[in-house]
K.L.:
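What follows is a single structure, and I will ask about it in a moment.
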Amino acid sequence: EVQLVESGGGLVQAGGSLRLSCVASGFTFDDYAIGWFRQAPGKEREGVSCISSLDGSKYYADSVKGRFTISDDNSKNTVYLQMNDVAPEDTAVYYCAAGPHYHCGDSYLYQYRFDSWGQGTQVTVSS
């Protein structure tokens with residue numbers, strides 16, 4: 001059974017940093033991409049970042065480029081999202097998801113390609 005567990009969320013002041021973790025079990029990263037998505041209150045869920053084990057490709061939404069960094073540690077089946085210089089508009093529930101055979105090199109993150117999701121971790125940025 002595929003399971004994804006996020007952690008690392010919390011309350012942080014604007015300009016601060018957080019590191020989110022996504023620990024996967026029940027599958028190996030070799031044939032998957034791991035994506036980070038977020039959903040703010042009253043808004044649709046949006047793609048934030050993605051990393052693919054197939055080719056090492058990465059994706060960042062324009063709103064987080066230069067501030068967020070995605071990385072993985074295959075030995076730990078873990079993907080990280082380092083969030084720097086956070087802003088109040090980054091406040092959301094952050095989810096990680098696994099997408100089989102997905103390359104992250106497109107200019108858009110296709111949510112329908114991700115079929116296993118974690119429960120989410122809340123990130124709140126105070127101004």
Side-chain angles (χ1 to χ4, degrees):
E1 179 187 3
V2 174
Q3 285 192 326
L4 298 161
V5 179
E6 305 95 336
S7 63
L11 176 64
V12 61
Q13 287 189 330
S17 298
L18 278 177
R19 189 177 78 159
L20 306 184
S21 299
C22 172
V23 180
S25 60
F27 69 101
T28 58
F29 279 176
D30 291 354
D31 296 326
Y32 282 80
I34 300 295
W36 283 100
F37 301 83
R38 67 186 181 187
Q39 187 165 22
K43 295 187 177 181
E44 293 187 354
R45 189 168 60 194
E46 63 174 350
V48 175
S49 186
C50 174
I51 185 168
S52 175
S53 294
L54 294 173
D55 59 2
S57 56
K58 297 180 181 180
Y59 164 89
Y60 295 98
D62 288 343
S63 58
V64 307
K65 280 181 183 176
R67 300 188 299 122
F68 291 10
T69 302
I70 194 168
S71 62
D72 62 11
D73 184 341
N74 286 356
S75 68
K76 297 181 180 179
N77 261 25
T78 301
V79 171
Y80 304 99
L81 185 69
Q82 178 67 42
M83 305 167 60
N84 296 331
D85 192 23
V86 296
E89 50 266 36
D90 295 320
T91 294
V93 178
Y94 283 72
Y95 302 89
C96 66
H101 309 296
Y102 187 78
H103 298 265
C104 299
D106 290 334
S107 59
Y108 186 78
L109 199 53
Y110 294 93
Q111 296 191 37
Y112 76 93
R113 293 288 304 276
F114 292 79
D115 56 10
S116 298
W117 292 77
Q119 293 300 307
T121 185
Q122 175 71 47
V123 172
T124 303
V125 182
S126 63
S127 57

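All figures in this text were calculated on a predicted structure; none of them were measured in a lab. One is the number of the first residue; the rest follow in order along the sequence.
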K.L.:
Can you see which heavy atom on A92 is nearest to which on A40, and at what distance?
P.N.:
CB-N, 3.8 Å

K.L.:
Rounded to the nearest 0.5 Å, what separation is found between the CE atom of M83 and the CZ atom of R19?
P.N.:
13.0 Å

K.L.:
Mind checking whether L20 and E6 have side chains closer than 4.5 Å, heavy atoms only?
P.N.:
no

K.L.:
Determine whether a donor-acceptor pair (N or O, by modelled atom type, separation under 3.5 Å) exists between the side chain of D55 and the backbone of S57.
P.N.:
yes

K.L.:
Taking atom OG of S17 and atom CG of D85, what is their separation to the nearest 0.5 Å?
P.N.:
8.0 Å

K.L.:
Does any N or O in the side chain of D73 come within less than 3.5 Å of the main-chain N or O of S75, such that one atom is a donor and the other an acceptor?
P.N.:
yes

K.L.:
According to a hydrophobic-cluster definition based on side-chain heavy atoms being under 4.5 Å apart (Ile, Leu, Val, Met, Phe, Trp, Tyr only), do Y80 and L4 belong together?
P.N.:
no

K.L.:
Hey, could you give me the OH/CG distance between Y102 and L109, rounded to the nearest 0.5 Å?
P.N.:
4.5 Å

K.L.:
Where is the tightest heavy-atom contact between K58 and I70, given as atom of each residue plus distance?
P.N.:
NZ-O, 3.3 Å

K.L.:
Nearest 0.5 angstrom please: D72 CG to T78 OG1, how far?
P.N.:
9.5 Å

K.L.:
Flag yes if V64 and V86 sit in one hydrophobic cluster, no otherwise; membership is Ile, Leu, Val, Met, Phe, Trp, Tyr, and two members link when side-chain heavy atoms are under 4.5 Å apart.
P.N.:
yes

K.L.:
Working to the nearest 0.5 Å, report the span between CZ of R45 and CZ of R38.
P.N.:
13.5 Å

K.L.:
When you measure from the side chain of R113 to the backbone of H103, do you find a donor-acceptor pair of N or O atoms at a distance under 3.5 Å?
P.N.:
no

K.L.:
Please name the pair of heavy atoms, one in C50 and one in F114, separated by the smallest distance, quoted to 0.1 Å.
P.N.:
SG-CZ, 4.0 Å

K.L.:
Please check if any side-chain donor atom of D30 sits under 3.5 Å from a side-chain acceptor atom of S53, or the reverse.
P.N.:
no

K.L.:
If you define the side chain from C-beta out and look only at heavy atoms, does anything of Q122 sit under 4.5 Å from T91?
P.N.:
yes

K.L.:
If we check ring pair (Phe, Tyr, Trp, His ring centres under 6.0 Å) with F37, which of these qualifies: W117, Y59, Y110, Y94?
P.N.:
W117

K.L.:
Check for me, please, whether V125 and W36 land in the same ILVMFWY cluster - side-chain distances under 4.5 Å, paths through other members count.
P.N.:
yes

K.L.:
With rounding to the nearest 0.5 Å, note down the distance linking CZ in F68 to CG in L18.
P.N.:
9.0 Å

K.L.:
Sub-3.5 Å donor-acceptor pair from the side chain of S52 to the main-chain atoms of A33, do we have one?
P.N.:
no

K.L.:
Check whether any side-chain heavy atom of C96 sits under 4.5 Å from a side-chain heavy atom of V79, and report yes or no.
P.N.:
no

K.L.:
Check the pair T121, V93 against side chain to side chain contact (heavy atoms under 4.5 Å, CB included), reporting the backbone distance first and the verdict last.
P.N.:
CA-CA 5 Å; T121 185; V93 178; over 6 Å; no

K.L.:
Is the number of heavy atoms from other residues, nucleotides or ligands within 6.0 Å of CD (Q119) greater than 12?
P.N.:
no

K.L.:
Which atoms form the tightest heavy-atom contact between S49 and L81, and what is the distance?
P.N.:
CB-CD1, 4.0 Å

K.L.:
Is there a path of hydrophobic side-chain contacts, each under 4.5 Å between heavy atoms, that joins I34 and V2?
P.N.:
yes

K.L.:
Side chains of R67 and D90: does their closest heavy-atom pair fall under 4.5 Å?
P.N.:
yes

K.L.:
Any side-chain heavy atom of F27 sitting closer than 4.5 Å to one from S116?
P.N.:
no

